[in-house]
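Data first, discussion second: the structure below is written as structure tokens.
Scope of the values below: all heavy atoms of this structure, side chains included, with no hydrogens, waters or symmetry mates. Every chain is numbered from 1 and lettered A, B, ... according to where its sequence line falls, protein lines coming before strand lines.
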Amino acid sequence: MGGTGPDAMSPTGDQHTSPMDKTYRPERIEQHWYRQWESRGLFSPRGDGAPYCIMIPPPNVTGTLHMGHAFQITLMDCLIRHRRMSGDKTLWQVGSDHAGIATQMVVERQLEAGGQSRLELGRDAFINKVWEWKGQSGGMITQQLRRLGASLDWSRERFTMDDDMSRAVCRAFVTLYDEGLIYRGKRLVNWDPVLKTAVSDLEVLSSEEDGHLWHIRYPYADGDGHVIVATTRPETLLGDTAAAVHPDDERYRDSIGRRLSLPLTGRVIPLIADDYVDPEFGSGCVKITPAHDFNDYEVGRRHDLPMINLFNEDATLGDRAPEPYRGLDRFEARKRVLEDLREQGLLESEREHRHAVPRGDRSQAVIEPYLTDQWFVNATKLAPAACEAVRDGRIRFVPKRWEKTYFDWMENIQDWCISRQLWWGHRIPAWYDDGGNLYVADSEQAVRDKHHLGADVALTREADVLDTWFSSALWPFSTLGWPSQTPEMKTFYPTSVLVTGFDIIFFWVARMIMMGLKFTGDVPFREVYVHGLVRDIEGQKMSKSKGNILDPIDLIDGIAPNDLIAKRTASLLQPAMAERIERHTRKDFPDGIAAYGTDAMRFTFTALASTGRDIKFDMQRIEGYRNFCNKLWNAARFATMICPAAPAPGDAATPTLADRWILSRLHTVLAQTAQWFGEYRFDLIAAAMHEFVWHDFCDWYLEITKIVQNGEDDEAGRANRACLMDTLETCLRMLHPVIPFITEEIWQQIKPLTGRDAGSGEEGIQDCPYPLSGDVARDTEAERMMERLQLFVSAIRQVRSEMNVPPGQPVPVLLQNWDDDDRALFDGYGAWITRLAKIGRLEWLAADAETPPAAIALARQVKILIPAEGLIDVGAEALRLKKEIAKAEKMLAGMQTRLADKNFLDKAPADVIEKQSLQAENLKGQLDKYHKQLEVFSQTDGRTEQRDAAA
RNA sequence: GGGUGCUUAGCUCAGCGGGUAGAGCACCGCCCUUACAAGGCGGAAGUCGGGGGUUCAAGUCCCUCAGCACCCACCA
């Protein structure tokens with residue numbers, strides 16, 4: 001792998017006995033652990049828990065990993081690891097797709113580079129070449145998937161051209177054919193004249209392009225006048241077999257049925273009437289070319305018009321075109337036709353015109369409607385059941401809105417053209433005899449057996465192969481062994497969830513549902529989680545031709561600026577853009593990309609994955625989550641320093657408040673995590689974990705741990721150490737599905753210190769169960785106490801900070817208006833508060849005691865006073881107080897208006913009213929305290945006024 | 001032409017079983033406090049795209065307009 005060459009510097013096992021590095025170094029741990037996991041066979045289904053299965057959307061063999069993969073794989077791996085640790089019998093099926101056209105193009109290009117052509121080589125030799133290429137270069141993406149930590153079951157890896165996949169494809173094809181759900185026929189299809197194959201509707205992308213609209217005169221055959229037709233494709237005129245007007249169009253009413261003399265051809269065609277024509281457009285008269293336009297094709301069928309196929313398969317004009325145009329490319333022919341029309345005075349006008357041009361998604365060639373023999377799946381018949389499965393909830397889309405998209409498409413589905421005039425792919429299992437009779441069966445032998453054809457009857461196999469998506473549509477069951485009723489099929493079908501992008505809902509999801517229902521009688525998956533696209537920081541789609549790609553591997557390993565620029569400018573559509581891209585890249589990535597590691601990247605994707613919307617990938621986010629990993633790392637390092645050994649067995653010391661609290665918080669975050677996993681809210685999972693680790697565990701718990709460990713109370717110290725390890729260990733298991741590497745590494749480090757060790761058979765973190773909220777108890781009392789404690793500490797810190805008291809300097813604190821609980825809290829944990837807030841002298845004042853000039857903070861109803869005594873800038877404090885007062889007064893005013901509103905009092909529910917008045921009371925109390933304190937200032941220090949005046 | 005989504009703090013996004021707003025990053029201030037400066041503590045910052053409606057009460061429900069993004073179909 002590229003980048004910094006982690007292997008070179010990574011000791012692969014020995015670091016586990018050495019102390020942890022001071023900073024987190026992902027490159028030292030990740031690849032080591034993946035190898036370990038894979039060799040231990042951890043990714044195969046284990047145990048006898050409930051089956052859980054995800055099918056990977058098989059990446060193209062030609063592909064290399066991009067950000068979309070990384071995103072999708074991260075989400076799937078989270079789900080898989082979560083369920084696997086939760087005890088499910090878990091299968092994540094891996095494999096890759098033979099990607100018919102894409103792969104054939106790659107290998108052809110290679111041949112061309114060597115001065116060879118596919119045709120020279122011949123079909124069999126070419127296919128061998130493709131296999132050869134696959135053997136050498138096809139494994140790229142699977143290696144990259146490993147770098148992502150993807151816990152795929154490599155022992156079951158499949159390729160869509162494997163023999164058993166082919167067997168499934170044949171079976172499916174033959175069954176559909178026998179039931180009349182596949183048919184062969186001469187139809188107008190989308191034809192790619194560069195690739196020289198039919199493609200499906202979905203593979204044609206239309207975009208607006210600048211073109212022209214020409215008006216052409218078609219004279220009446222009797223010499224009396226003409227009609228004018230408009231067209232963007234004058235060359236197809238040569239194949240016109242009619243012109244058409246709307247039946248109700250007054251202008252042409254009397255002309256319908258008259259004959260027209262078709263320019264340049266010497267043919268005579270009728271003027272017909274058809275509803276399809278829009279009388280408002282142009283002259284209201286349209287030329288009809290049934291063999292080269294989808295609408296005209298329908299008109300032609302309605303009126304029984306002849307169909308003249310002008311083109312050869314490469315879109316040059318063929319024998320059926322008039323002699324002068326034969327052999328010309330379609331665009332050449334266009335020029336020629338226009339010239340000739342102009343010369344004959346038949347070109348009425350020419351104007352610029354923007355219109356949709358259909359192009360092939362692979363070749364970018366302008367797609368030609370072309371009349372050929374093709375194979376079709378009768379999707380119209382398969383669609384209703386597939387709709388029903390979603391409608392009745394057997395399949396659930398997440399987010400739900402995609403169901404509408406699905407229905408819209410399914411309800412308007414067209415028959416699916418599945419034949420491709422390629423060599424690389426599943427060859428259609430159909431044979432022809434010399435008489436042109438067609439036989440369909442799983443093999444030539446099966447054909448002969450079925451139709452009693454002797455060896456003397458020569459059979460020729462259909463040359464066409466199947467659309468790649470045909471085999472993809474069978475993926476959820478073909479990989480499990482179908483058509484055999486294998487144990488895997490029985491266990492894992494229907495699969496649990498399909499994780500995919502919306503861009504292939506039609507290509508793939510819909511077709512899997514149709515085929516799954518047809519062949520297995522059940523849905524292929526119970527849920528479909530649809531995620532968004534990964535875009536760049538500006539929201540642009542990442543693409544090689546735009547030069548804005550990020551390679552996931554570069555985020556993991558890091559990359560130098562020059563290498564990044566080289567990558568980004570390598571495959572530009574317009575080489576002229578290179579300079580601009582270099583400039584932008586240098587600006588956005590002045591130091592290239594740091595090696596953030598897989599875990600940081602995974603956490604980033606997880607955190608960004610909100611409700612199925614596109615994500616803008618922000619480098620600052622991955623940096624932040626790398627920092628999070630470092631935080632976790634150091635927390636663990638600290639823990640190992642605190643706890644040199646595992647707690648003695650049976651030692652059940654009484655836990656401290658902090659211990660009870662952190663476990664209670666852990667309970668809550670585990671409950672949240674469980675819920676969000678069920679709802680595919682990866683962003684909320686990440687947020688909850690982040691909040692817990694950073695703020696609860698590190699900011700509060702570890703800080704208190706330091707105090708406890710430095711204290712005198714040995715029993716508390718022991719309890720605290722045990723709880724620290726326990727919480728950390730549980731937390732690692734909780735985090736593992738998201739950040740598998742760092743959690744495994746730390747887990748191994750602390751394993752001897754946890755007491756989890758002995759005889760458990762738990763070699764790694766994945767051998768442990770996923771933690772459940774029930775594993776730790778909610779302790780509301782501890783939460784209440786800790787909240788109170790945190791409130792005190794925060795309030796004092798706030799005053800300190802605002803009064804610019806240096807962090808190291810202790811401050812005296814007076815408390816007033818306290819209750820017994822407050823007293824109890826300080827009795828038990830005063831030392832913690834004192835230390836966390838850096839309190840010096842602490843004094844409990846009676847409620848009616850005089851207070852000195854002091855900065856004030858409120859913790860609930862308790863007045864916290866930090867006497868001036870040279871620490872506090874009295875003027876500044878008075879200003880601050882006034883600001884607080886203004887804020888509180890504004891809020892109070894709003895509430896009082898509401899509380900005075902008769903409508904509110906009459907109609908709002910009692911609890912809402914109660915809550916409001918309680919809040920208002922509290923605010924009043926606060927204001928009162930602020931005011932009193934302000935009075936103290938003005939009585940004792942005249943500077944306040946001066947300061948005010950100055951401000 | 002039809003459809004979907006989005007518009008909330010400088011940026012990226014949560015929040016939508018209605019009760020006057022949250023996070024991360026960025027920013028500002030003070031700190032190299034013995035896990036972490038890839039850090040700690042504190043702070044400032046939003047009339048929730050515009051308009052209308054329902055309601056005692058609306059980022060949160062309804063209608064409408066605007067802008068942005070995407071999908072499907074396509075008039076030659």
Just call it for [X]: base, sugar-phosphate, or nothing, with non-hydrogen atoms closer than 4.0 Å on any strand.
X: A:Ala356; result: base
X: A:Phe628; result: nothing
X: A:Tyr24; result: base
X: A:Asp699; result: sugar-phosphate
X: A:Cys698; result: base
X: A:Asp901; result: sugar-phosphate
X: A:His215; result: nothing
X: A:Ser206; result: base
X: A:Trp694; result: sugar-phosphate
X: A:Thr405; result: nothing
X: A:Arg898; result: base
X: A:Leu905; result: nothing
X: A:Gly624; result: nothing
X: A:Lys404; result: sugar-phosphate

For the side chain of [X], counting heavy atoms from C-beta on, which of [options] is nearest?
X: A:Arg626; options: B:rA38, B:rA35, B:rC72; value: B:rA38
X: A:Thr23; options: B:rA38, B:rC56, B:rA76; value: B:rA38
X: A:Phe506; options: B:rC74, B:rC71, B:rG19; value: B:rC71
X: A:Val912; options: B:rC31, B:rA76, B:rG19; value: B:rG19
X: A:Asp278; options: B:rG42, B:rG24, B:rC75; value: B:rC75
X: A:Asn804; options: B:rC75, B:rG29, B:rA14; value: B:rG29
X: A:Arg535; options: B:rG40, B:rC74, B:rC70; value: B:rC70
X: A:Ala635; options: B:rC71, B:rA35, B:rA76; value: B:rA35
X: A:Lys907; options: B:rC36, B:rA14, B:rC56; value: B:rC56

Using a cut-off of strictly less than 4.0 Å, decide whether [X] has a side-chain nitrogen or oxygen near OP1 or OP2 of [N].
X: A:Gln916; N: B:rG19; value: no
X: A:Lys631; N: B:rG39; value: no
X: A:Lys706; N: B:rA35; value: yes
X: A:Ser610; N: B:rA14; value: yes
X: A:Asn627; N: B:rG39; value: yes
X: A:Arg613; N: B:rA14; value: yes

[X] [atom1] to [N] [atom2]: how many Å, rounded?
X: A:Ile913; N: B:rA57; atom1: CD1; atom2: P; result: 14 Å
X: A:Phe617; N: B:rG24; atom1: CZ; atom2: C1'; result: 14 Å
X: A:Phe692; N: B:rA23; atom1: CZ; atom2: C1'; result: 18 Å
X: A:Lys838; N: B:rC31; atom1: NZ; atom2: P; result: 14 Å
X: A:Gln414; N: B:rA73; atom1: CD; atom2: P; result: 9 Å
X: A:Met891; N: B:rU47; atom1: CE; atom2: P; result: 17 Å
X: A:Glu802; N: B:rG43; atom1: CD; atom2: C1'; result: 7 Å
X: A:Asp696; N: B:rA23; atom1: CG; atom2: P; result: 14 Å

Between [N] and [M], how far is it from one [atom1] atom to the other, in whole Å?
N: B:rU33; M: B:rG42; atom1: C1'; value: 15 Å
N: B:rC74; M: B:rG17; atom1: C1'; value: 43 Å
N: B:rC75; M: B:rG15; atom1: P; value: 41 Å
N: B:rG51; M: B:rA66; atom1: C1'; value: 10 Å
N: B:rA38; M: B:rA44; atom1: P; value: 26 Å
N: B:rU54; M: B:rG18; atom1: C1'; value: 12 Å

Between A:Asn190 and A:Glu203, a side-chain donor and acceptor under 3.5 Å: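 No, no side-chain donor-acceptor pair sits under 3.5 Å.
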Taking atom CE of A:Met619 as the centre, report whether more than 12 heavy atoms of other residues, nucleotides or ligands fall under 6.0 Å from it.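 Above 12, so yes.
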Other residues, nucleotides and ligands only: do more than 12 of their heavy atoms fall within 6.0 Å of CD on A:Glu914?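 Open.
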Closer to the 5' end of RNA chain B via nearest nucleotide, is it A:Lys890 or A:Arg681?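 This one resolves to A:Arg681.
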If you assign each of A:Arg401 and A:Ser283 to its closest nucleotide in RNA chain B, which residue comes earlier from the 5' end?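 It is A:Arg401, whose closest nucleotide lies nearer the 5' terminus.
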Quiz question: going by heavy-atom distance under 3.5 Å, is there a donor-acceptor pair between the base of B:rA35 and the side chain of A:Glu703?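 Check passes, donor-acceptor contact within cut-off.
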Does the pair [X]/[Y] count as a salt bridge with the N-to-O cut at 4.0 Å?
X: A:Arg330; Y: A:Glu235; answer: no
X: A:Arg835; Y: A:Glu703; answer: no
X: A:Glu802; Y: A:Arg880; answer: yes

If you look at every heavy atom in A:Val738 and A:Arg602, which pair is closest and at what distance?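 Heavy atoms of A:Val738 and A:Arg602 come nearest at O-NE, 2.9 Å.
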Is B:rG59 syn or anti, taking syn as a glycosidic angle within 90° of 0?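 Syn conformation for B:rG59.
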Less than 6.0 angstrom separating the ring centers of A:Phe605 and A:Phe682, yes or no?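 Not close enough - the centres of the two rings lie 6.0 Å or further apart.
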Looking at [N], which nucleotide sits across from it as a Watson-Crick or G-U wobble partner, both distances under 3.5 angstrom, or is there none?
N: B:rC41; answer: B:rG29
N: B:rG46; answer: none
N: B:rU34; answer: none
N: B:rC68; answer: B:rG5
N: B:rG22; answer: B:rC13

Please confirm whether A:Arg898 makes a cation-pi placement over A:Phe904, using NZ or CZ under 6.0 Å from the six-membered ring centre and within 45° of the ring normal.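 Ring-cation test returns yes.
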By the definition side-chain contact (heavy atoms from CB on, under 4.5 Å), identify the one residue from A:Ile537, A:Leu555, A:Asp536 that meets it with A:Phe617.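 When side-chain contact (heavy atoms from CB on, under 4.5 Å) is applied between A:Phe617 and each of A:Ile537, A:Leu555, A:Asp536, only A:Leu555 qualifies.
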